[in-house]
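Counting convention: from 1, in listed order, for ligands and their atoms alike. Below, each value reflects all heavy atoms present in this structure, side chains not excepted, and no hydrogens, waters or symmetry copies.
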Amino acid sequence: MEMDKILEESARYLMDTYGRLPVAPRKGRGVRVWGADDREYIDFVGGIAVNVLGHCHPKVVVAIQKQAQRLIHISNLYFIENQVKLARLLVEHSFADKVFFCNSGAEANEGAIKLARKYARGAYGEGKYEIVTALNSFHGRTYGALSATGQSKFHAGFEPMLPGFIHVPFGDVEALKKAVSPKKTCAVLLEPIQAEGGVRVPPPDYFRHVREICDTSGALLILDEVQTGMGRTGELFAYKHFGIKPDIMTLAKGLGGGVPIGAVLGTGKVARAFTPGTHAATFGGNPLVCAAAIATIQTILEDNQYLLENCKRMGAHLSKRLSELINAFPGLALGARGIGLLQALELSRPCAAVVRACIENGLLINCTADNVLRFMPPITVQEPDIDQAVSILSEVLKKL
Ligand SMILES: *Cc1c(COP(=O)(O)O)cnc(C)c1O
């Protein structure tokens, strides 16, 4: 289809939920995609942190091809070998003992919320069902995940929200202490870094305090690693930076290297609250998506985890290059922040125009929280790609 026709028929046939940009990629390899007009773009959005290994990583492609020829879907009424293999990989490389598979980040958070409430009901009886989450957070668009999300702009028009959610400022230990009650709170749900909220990195010992508050009040710590997990920050999971362990962790985005899969991971003690019939997902962990996720995680871990090392080194390089932009554009580029390859540049003005100008110059980047440019290239990215992206951005900022 020609670009004009794609635009016209999108308006005619699709519900209008996205403010889309005028690119229709139809081929991708690594950190590059090619549009309907065969124009090349360097992709620093990566499907919003989904394409951790870049587009069409050969190992993921082959895993999908092989599995698709053998068996695509079978019900969880039966045993699924790939699901077991993937769960074992996740358990062996995290705090968790057990895994439940679903299809997205929002759905993983729904599962985590249900698991926390079910666990507290069994362990403490009625009344301990409140979940404390952070202002400015993002946990997804379904009702539980939306209620957990601490941004009223996402709630607008969809009220009433699910009861039992309390929001406190992110990074504020005292506010959390006040909000968590031994009688009422079943869980604290937080992102390790608030990604959609503008790539907000918490103070260094925040999560140690969070862990302590949870422990003294009998509340579970749920970490939403939907965006930060799967190597994005230079560790397989971001909690490893903080010297603590959660009780429950949710994953999605990067987990399948591009295919839709989510997961709820938990300690054995907590996971026991889910018994047959209490929770389910028809597609959850089907053979095809698990094959893609196995290939993704194995690739991240292979050769002594060199890709995690690469993520750390390239993250440091990107961070350095973004700091140079702060010096080059005082008053416009205000600050750079992030961990690994989840980086941001905060501007003094809304960044939608910058995103459009970058597209015209062959660079895909993302704008979040109005004035924050967010960078999420694959963890396979190399220095010349970063330099090329920053130089395109720099030219665009010059012309503002
Ligand atoms: C993207 C995201 C979600 C929602 O994931 P979906 O797959 O879109 O439902 C939840 N939490 C965080 C931290 C995210 O970044």
Report task. Kindly determine whether Asp385 and Arg32 satisfy salt bridge (charged side-chain N to carboxylate O under 4.0 Å, His left out), including the steps that lead there. Result -> CA-CA 9 Å; Asp385 307 318; Arg32 268 151 240 274; 2.7 Å; yes
Report task. Determine, step by step, whether Val289 and Asn103 satisfy the side chain to side chain contact (heavy atoms under 4.5 Å, CB included) criterion, reporting the C-alpha distance in whole Å, the side-chain angles of both residues, the deciding distance to 0.1 Å, and the verdict. Result -> CA-CA 9 Å; Val289 295; Asn103 311 289; 6.0 Å; no
Requested in this report: Walk me through it: do Lys320 and Val390 pass the test side chain to side chain contact (heavy atoms under 4.5 Å, CB included)?
Outcome: CA-CA 11 Å; Lys320 185 184 103 208; Val390 172; over 6 Å; no
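When non-hydrogen atoms are compared, ligand 1 lies under 4.0 Å from the side chain of Asn109 (C-beta onward) but not from its backbone. At a heavy-atom cutoff of 4.0 Å, ligand 1 is contacted by no atom of Arg141, backbone or side chain. The proximity of His139 to ligand 1, defined as any non-hydrogen pair under 4.0 Å, is limited to the backbone.
With ligand atoms numbered from 1 in the order given, ligand 1 contributes 7 (O), 9 (O) to contacts under 4.0 Å with heavy atoms of Ser104. Of all atoms in ligand 1, numbered sequentially from 1 with element shown, those under 4.0 Å from a heavy atom of Glu191 are 13 (C). Every atom of ligand 1 with a heavy atom of Ala106 under 4.0 Å away is listed here by number and element: 4 (C), 5 (O), 6 (P), 9 (O). In the vicinity of Asp224, heavy-atom distances shorter than 4.0 Å reach the ligand 1 atoms 10 (C), 11 (N), 12 (C), 13 (C).
Annotation: Gly140 places no N or O atom under 3.5 Å from an N or O atom of ligand 1; distance criterion only.
Between Asn82 and Gln67, the side chains place a donor N or O and an acceptor N or O closer than 3.5 Å (distance only, hydrogens not considered). Side-chain contact check for His167 and Thr133: at least one donor-acceptor pair (N or O, by modelled atom type) lies under 3.5 Å.
The nearest non-hydrogen atom to atom 14 (C) of ligand 1, considering only Lys253, Gln194, Glu107, comes from Lys253.
A cation-pi geometry, defined here as NZ or CZ lying under 6.0 Å from the six-membered ring centre and within 45° of its normal, holds between Arg39 and Tyr41.
Applying the 6.0 Å contact sphere to CG of Asn327 captures more than 12 heavy atoms from other residues, nucleotides or ligands.
Residue, atom and distance of the protein heavy atom nearest to atom 7 (O) of ligand 1 are Gly105 N, 2.8 Å.
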